[in-house]
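A quick write-up on the structure given underneath.
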Protein chains: 2
Amino acid sequence: MVRTKAEKVKKAKPVRDAIATQAVILAAAEEEFAQHGLTAARTEAIAAKTGVAKSMIYYYFKDKEGLYRAVLERSHADLLQTVQNLDWEHLFPEVALEKFLQALLDCVSRNPKLPAMMFHEAIQNHGKYYKDSSSVDIDRISIAILERGVAAGVFRPLDPFQSAINIMGTCLFYFIGAGNIQQFPQGEQLLSPAMLQRHAEEAIALVLAGVRAPSKPIAPAEHE
Amino acid sequence: MVRTKAEKVKKAKPVRDAIATQAVILAAAEEEFAQHGLTAARTEAIAAKTGVAKSMIYYYFKDKEGLYRAVLERSHADLLQTVQNLDWEHLFPEVALEKFLQALLDCVSRNPKLPAMMFHEAIQNHGKYYKDSSSVDIDRISIAILERGVAAGVFRPLDPFQSAINIMGTCLFYFIGAGNIQQFPQGEQLLSPAMLQRHAEEAIALVLAGVRAPSKPIAPAEHE
DNA sequence: AATTTAATCGACAGACTTGTCAGTCGATAA
DNA sequence: TTATCGACTGACAAGTCTGTCGATTAAATT
């Protein structure tokens with residue numbers, strides 16, 4: 001029975017596996033960068049988490065910044081693709097918004113470190129490494145959905161730009177604030193599946209109720 | 001005419017003024033810490049912004065951590081006092097929530113770096129320097145307001161704990177995300193008085209609409 | 001005017017960090 | 001079995017950052 005190289009690699013788990021090593025470095029780096037940001041992250045700390053020598057970071061990713069870029073790219077790939085596959089243009093604004101929020105919350109629940117990374121990037125580096133990245137697209141889509149909803153009269157006459165930001169905050173703050181909230185009884189298991197599920201429901205409910213136009217769109221509540 | 005020491009200090013602006021020096025150090029430190037967090041902040045960078053020698057930091061604040069604590073304390077004093085003076089217990093839940101949000105947004109508009117500091121603290125240090133600080137109180141008050149509103153039936157049957165977090169996010173994310181949003185046309189003047197005013201209005205409107213129980217409590221809109 | 005006290009500075013020691021390098025070791029294939 | 005190549009390591013050079021110290025000078029006091 002013939003065994004291909006790939007099979008061997010997968011099953012035998014060889015001592016030296018370039019792909020696996022890069023993967024563990026990326027995983028450890030994501031954790032470190034999410035917590036500390038680019039500058040305060042220590043390559044030594046990343047290496048310590050992986051078990052491989054620190055020099056492997058430089059071997060595979062050139063330098064700390066290269067590793068940072070790689071982590072950022074990988075983290076956003078999922079989010080970007082999910083949101084772009086949304087096909088929101090063919091949906092009613094309310095449905096589009098709900099689907100959008102659901103997709104966003106699924107992504108970040110899957111990878112709860114993403115928001116922290118985004119905010120380090122925003123605050124420390126002013127989005128320097130985001131120039132062509134996903135976050136801009138995501139903002140654009142949410143703004144567009146809101147604009148349509150307002151135009152159609154199913155949403156309040158809100159400011160789409162401001163509201164898009166605020167809605168993001170409603171969904172994502174939870175993941176950032178987690179560290180500060182641990183003083184509360186519930187704070188211990190903030191990232192458990194049950195709590196994540198609950199957070200998604202609450203955030204979506206809050207946003208949908210928050211943007212919806214009051215009472216029926218057919219019979220305007222205003223005078224005239 | 002007799003001049004007290006204090007008057008002299010204020011008017012003559014002496015070359016050496018301990019209070020003034022500490023103040024400029026605190027201001028510069030706030031900026032640096034807000035952008036970089038405790039670890040990544042550079043004492044040299046702080047000193048450079050002040051114009052006084054780096055050693056003054058150690059003279060007045062012992063070490064970097066001491067300065068950090070001082071900044072954190074000063075930043076929160078305003079917020080804590082404002083929110084505690086709220087007297088929310090004597091107000092209807094809706095009014096209490098609106099006043100609370102208004103107060104919160106006033107504070108952070110006055111000091112837009114506060115949210116960034118809070119989030120560095122949350123993510124990097126897991127709220128280590130917050131143990132007895134204001135943020136916990138603030139969260140408690142917002143939770144209490146929501147609980148009352150739900151009990152009174154004027155708010156939806158939301159989860160007060162989750163919703164308090166999400167509402168904070170709605171209000172504060174704007175100030176953190178600012179760095180990433182600068183790619184947009186509006187992004188340039190995100191912290192101008194007009195935009196801050198607008199943000200406060202939009203955030204409050206979104207939250208109030210988001211928590212309010214649907215239609216009138218007297219005449220239920222549901223079937224039946 | 002002389003003396004004391006407090007604020008300030010510049011230089012630097014020591015610790016910590018990044019990134020490099022020479023060389024080891026394991027797998028694959030001739 | 002041995003040569004080759006890529007994965008991997010430990011030690012270290014170079015640079016950065018914190019925190020200290022003695023000297024210096026402005027203000028207060030006598």
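Residue numbers start from 1 in every chain, and the chains themselves are labelled A, B, ... in the order their sequence lines are given, proteins ahead of strands.
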Count the heavy atoms of every other residue, nucleotide or ligand shown that sit under 6.0 Å from CD of A:Q81, and state whether that count exceeds 12.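 It does not: A:Q81 CD has 12 such atoms or fewer within range.
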
Using heavy atoms and a sub-4.0 Å distance, could you list which residues of residues 62-69 of chain B are near DNA chain D? By number, please.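 Of all residues in residues 62-69 of chain B, the ones placing a heavy atom under 4.0 Å from DNA chain D are B:D63, B:K64.
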
Residues within residues 31-41 of chain B bordering DNA chain D, heavy-atom distance below 4.0 Å: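 Listed by number, they are B:A41.
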
Could you give all pairs that pass the salt bridge (Lys or Arg N to Asp or Glu O under 4.0 Å) test and reach residues 19-40 of chain B, with sequence neighbours left out?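 Of all non-adjacent pairs touching residues 19-40 of chain B, those that pass salt bridge (Lys or Arg N to Asp or Glu O under 4.0 Å) are B:E30-B:R74, B:E31-B:K49, B:E32-B:K49.
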
Can you run down the salt bridge (Lys or Arg N to Asp or Glu O under 4.0 Å) pairs that involve residues 100-126 of chain B, sequence neighbours left out, and say none if there aren't any?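 Passing the test, one end in residues 100-126 of chain B: B:D78-B:R110.
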
Under 3.5 Å, is there a donor-acceptor pair linking the side chains of B:Q124 and B:H36?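 No.
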
Report the end-to-end axis angle of the helix from C:dA1-D:dT30 to C:dA30-D:dT1; each axis comes from five terminal pairs, and the value is rounded to 10°.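 End-to-end axis angle for the helix from C:dA1-D:dT30 to C:dA30-D:dT1: 10°, rounded to 10°.
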
Looking at residues at least two apart in the chain, or sitting in another chain, which of them share a side chain to side chain contact (heavy atoms under 4.5 Å, CB included) with [X]?
X      : answer
A:A122 : B:N180
A:L86  : A:W88, A:F100, A:A103
B:Q197 : B:E201

Can you measure A:I57 atom CD1 to C:dT20 atom C1' for me and round it to whole angstrom units?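 In whole Å, C:dT20 C1' lies 14 Å from A:I57 CD1.
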
Could you give the CZ-to-C1' distance, from B:F61 to D:dT18, as a whole number of Å?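 It is 17 Å, rounded to the nearest whole Å.
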
Test salt bridge (charged side-chain N to carboxylate O under 4.0 Å, His left out) applied to A:E65 - qualifying residues, sequence neighbours left out: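 Expected list: A:R69.
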
Identify each donor-acceptor pair in which a side-chain atom of residues 163-175 of chain A lies under 3.5 Å from a protein atom, sequence neighbours left out, and give them as a table.
from, atom 1, to, atom 2, distance (Å)
A:S163, OG, A:D159, O, 2.9
A:S163, OG, B:E202, OE1, 3.2
A:N166, OD1, B:H199, NE2, 3.2
A:N166, ND2, A:Q162, O, 3.4
A:T170, OG1, A:N166, O, 2.8
A:T170, OG1, B:T170, OG1, 2.7
A:Y174, OH, A:L190, O, 2.5

Assign a letter to each nucleotide of nucleotides 8-16 of chain D from its 5' end: B, base within under 4.0 Å of a protein heavy atom; S, sugar-phosphate only; -, no contact. BBB------

Under 4.0 Å between a side-chain N or O of B:Y58 and OP1 or OP2 of D:dG19?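 So the side chain of B:Y58 is within the cut-off, an N or O lying under 4.0 Å from OP1 or OP2 of D:dG19.
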
Decide yes or no for A:L80 and A:D137: does some side-chain heavy atom of the first lie under 4.5 Å from some side-chain heavy atom of the second?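 Heavy-atom side-chain distance check passes, below 4.5 Å.
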
Are any non-hydrogen side-chain atoms of A:L26 and A:L67 less than 4.5 angstrom apart?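 Yes, their side chains come closer than 4.5 Å.
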
Name all residues meeting the ring-ring contact (aromatic ring centres under 6.0 Å, His included) criterion together with A:Y68; count only those two or more places apart in sequence or in a different chain, and write none if there are none.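 A:Y68: ring-ring contact (aromatic ring centres under 6.0 Å, His included) contacts with A:F33, A:Y129.
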
Would the distance check show the side chain of A:K64 and the main-chain N or O of A:A41 forming a donor-acceptor pair, the cut-off being under 3.5 Å?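 Confirmed, A:K64 side chain pairs with A:A41 backbone.
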
